[in-house]
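Okay, so here's the structure we're looking at.
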Amino acid sequence: MARKVVVANDHAGLELKRELLPSLAEWGWQVEDLGCQGAESVDYPDFALAVAGRVAQGEEVGLLLCGTGIGMSIAANKVAGVRAALCADTYSAWAARAHNDANVLCLGGRVIGPELAREILRAFLNTDFEGGRHQRRLDKIARAEEASPGRR
Ligand code: RB5
């Protein structure tokens with residue numbers, strides 16, 4: 001079965017998403033596209049939280065695109081179990097998976113071009129979590145999330 005990426009964007013991430021979708025298909029990934037599909041202004045948290053919710057429920061990986069990727073990453077990281085990484089270089093994309101076991105990649109459509117974005121996405125999707133000492137660190141984050149006063 002094809003591995004799946006759940007994708008969403010706001011108006012500022014639409015063009016970059018359209019640039020990247022063919023690559024995901026070419027690399028054999030199934031894509032579930034939660035929008036938006038138009039140029040009208042929308043609110044990025046609606047899309048970030050939709051993807052984050054799916055990832056928290058067990059979908060393998062999410063991809064979020066907005067103008068900078070910052071708003072998407074802030075919003076997605078509010079959802080327990082989500083580790084969203086904003087990346088603008090390939091080393092960070094590799095490390096986000098290998099060290100941080102990131103399950104959502106955030107990209108800024110107004111910050112990076114399509115070719116760099118493609119390489120960042122490729123690095124992210126092709127890298128496995130290394131575990132070991134990195135798992136201990138993620139466990140500390142998970143415990144902090146669990147103990148957060150904001151959690152019911
Ligand atoms: C939309 O103008 C812009 O604020 C949004 O795409 C994103 O960059 C927020 O972080």
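Numbers here simply count residues along the sequence, with the first being 1. We count ligands from 1, going down the list as the structure has it; atoms in each ligand are counted the same way.
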Quiz item: With a 4.0 Å cut-off, would you call Glu130 and Arg97 a salt bridge?
Solution: no
Quiz item: Which atoms of ligand 1 sit under 4.0 Å from any heavy atom of His11?
Solution: 1 (C), 2 (O)
Quiz item: Between Glu115 and Arg118, is there a salt bridge with N-O shorter than 4.0 Å?
Solution: yes
Exercise. May I ask you to list the atoms of ligand 1 that are less than 4.0 angstrom from any heavy atom of Gly67?
Key: 5 (C), 6 (O), 7 (C), 8 (O)
Quiz item: Any side-chain heavy atom of Lys4 within less than 4.5 Å of one from Val31?
Solution: no
Exercise. Looking only at protein heavy atoms, identify the closest one to atom 7 (C) of ligand 1 and say how far it is in Å.
Key: Cys66 SG, 3.4 Å
Quiz prompt | Protein contact of atom 2 (O) of ligand 1 - nearest heavy atom, named by residue and atom, plus distance | solution = Arg110 NH1, 3.3 Å
Quiz item: Rounded to the nearest 0.5 Å, what separation is found between the CD atom of Glu26 and the CG atom of Leu20?
Solution: 11.5 Å
Quiz item: For atom 5 (C) of ligand 1, what's the nearest protein heavy atom and its distance?
Solution: Asp10 OD2, 3.2 Å
Self-check item: Numbering as shown, the atoms of ligand 1 that approach Ala12 to under 4.0 Å (heavy-atom distance)
Solution: 6 (O)
Practice problem: Write down the atom of Arg3, the atom of Leu125, and the distance for their closest heavy-atom approach. | Solution: NH1-O, 4.2 Å
Exercise. Compute the shortest N/O to N/O distance between Thr68 and ligand 1 and return yes if it is under 3.5 Å, no if not.
Key: yes
Quiz item: Taking only heavy atoms of Tyr44, which atoms of ligand 1 are found under 4.0 Å from at least one of them?
Solution: 9 (C)
Quiz item: Ion pair present between Arg143 and Glu146, side-chain N to carboxylate O less than 4.0 angstrom?
Solution: no
Self-check item: Heavy atoms from other residues, nucleotides or ligands near CD of Glu19 exceed 12 (cutoff 6.0 Å)
Solution: yes
Quiz item: When only distance counts, is Gly71 in polar contact with ligand 1, meaning an N/O pair under 3.5 Å?
Solution: yes
